[in-house]
Amino acid sequence: MSFTWRSSFDTGIEIIDLQHRRIADYINQLEGAIGSQDRYFVGLVLDELVDYTLSHLAFEEALQEEARYSMAVPHKAVHDQFARRVEKYRQRHDAGEDVGAQVHGMLYSWLVHHIQRDDMAYVPEVKAALAARLMDRREASWMDRMLGRFFPVAKLA
Ligand SMILES: [Fe+2]
Ligand SMILES: [Fe+2]
């Protein structure tokens with residue numbers, strides 16, 4: 001099932017929405033790779049998808065930390081649990097198992113569920129903190145530094 005973006009997935013924090021949409025694109029690429037029945041291609045897309053998603057999670061955690069989000073610790077625990085699940089799938093793929101369809105289904109439902117429940121919950125606090133910071137000229141480059149820390153320039157566009 002292809003991932004079709006819905007406006008109800010938008011958090012209203014542009015940089016986060018951009019990253020979530022990119023993950024959705026990767027999930028669709030994975031579906032295409034599975035359809036091609038090319039194990040090597042599936043592995044390649046899976047690696048890129050996982051790497052990008054882990055960067056997003058780390059970015060989100062840093063953002064929450066900066067904003068002093070009250071639920072940052074449990075949110076990170078959810079991310080960590082997800083990262084462990086994904087890593088297991090990657091290991092099973094590397095061991096020769098055919099996990100493409102399973103991992104696609106898991107990523108799809110996890111992303112929809114996590115964005116709509118957990119990510120939406122941090123939006124009011126993080127948005128308020130971001131607005132306060134961006135009004136301060138000394139903090140104007142803060143977002144650029146954060147992005148540079150987690151994403152290579154080539155992956156941002
Ligand atoms: Fe999250
Ligand atoms: Fe997220």
Side-chain angles (χ1 to χ4, degrees), residues 1-34 42 44-93 99-134 139-157:
M1 187 167 49
S2 289
F3 200 120
T4 308
W5 194 263
R6 285 186 240 141
S7 56
S8 63
F9 301 153
D10 282 323
T11 63
I13 300 172
E14 204 183 340
I15 192 68
I16 293 293
D17 291 334
L18 203 79
Q19 292 171 11
H20 285 162
R21 281 168 190 257
R22 176 64 67 94
I23 297 170
D25 287 344
Y26 271 124
I27 291 175
N28 286 336
Q29 276 183 41
L30 181 64
E31 189 182 29
I34 293 164
V42 169
L44 216 63
V45 176
L46 193 57
D47 280 346
E48 280 191 27
L49 192 163
V50 170
D51 288 349
Y52 187 85
T53 303
L54 296 182
S55 295
H56 163 69
L57 301 184
F59 176 82
E60 222 177 56
E61 287 159 16
L63 199 64
Q64 292 177 10
E65 201 178 300
E66 288 287 336
R68 297 193 171 80
Y69 174 47
S70 52
M71 300 293 280
V73 172
H75 196 111
K76 185 179 179 344
V78 173
H79 283 177
D80 288 348
Q81 191 197 32
F82 169 76
R84 284 194 295 272
R85 275 171 77 188
V86 162
E87 200 46 54
K88 276 192 192 125
Y89 275 115
R90 195 145 67 160
Q91 284 168 5
R92 284 172 58 194
H93 173 85
V99 294
Q102 270 180 56
V103 78
H104 176 268
M106 188 277 275
L107 289 166
Y108 189 110
S109 54
W110 189 85
L111 187 65
V112 168
H113 184 77
H114 184 69
I115 289 175
Q116 292 195 304
R117 192 191 59 176
D118 303 324
D119 286 355
M120 286 302 177
Y122 72 65
V123 170
E125 282 183 50
V126 167
K127 250 187 173 171
L130 273 177
R133 272 187 176 265
L134 294 175
E139 295 292 348
S141 63
W142 171 75
M143 183 63 86
D144 291 337
R145 285 202 313 276
M146 292 258 300
L147 287 169
R149 215 166 105 202
F150 297 109
F151 296 97
V153 173
K155 289 199 173 177
L156 266 180

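Whatever order the structure lists ligands and atoms in, that order sets their numbers, starting from 1.
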- request: Give a yes or no answer on whether the side chain of N28 reaches the backbone of F3 with a donor-acceptor pair at less than 3.5 Å.
  value: yes
- prompt: Within the side chain of E125, is there an N or O that forms a donor-acceptor pair under 3.5 Å with the backbone of S70?
  reply: yes
- line: To the Fe ion (ligand 1), the closest N, O or S atom belonging to H79 is NE2
query: Do the ring planes of F151 and Y52 sit parallel (below 30°), tilted (30 to 60°) or perpendicular (above 60°)?
result: tilted
message: No waters, cut-off 2.8 Å: how many protein N, O or S atoms are close to the Fe ion (ligand 2)?
response: 4
- request: Just give me the atom name: the N, O or S atom of H75 closest to the Fe ion (ligand 1).
  value: NE2
query: Considering only heavy atoms from C-beta outward, does the side chain of I16 approach that of H56 to under 4.5 Å?
result: yes
Test side-chain hydrogen bond (donor to acceptor under 3.5 Å, both in side chains) applied to D118 - qualifying residues, sequence neighbours left out: H114
- request: State whether R84 and E87 are salt-bridged, where the test is any N-O pair (Lys NZ or Arg NE/NH1/NH2 against Asp/Glu carboxylate O) under 4.0 Å.
  value: no
Pair E31, Y108: side-chain N/O donor-acceptor within cut-off below 3.5 Å: no
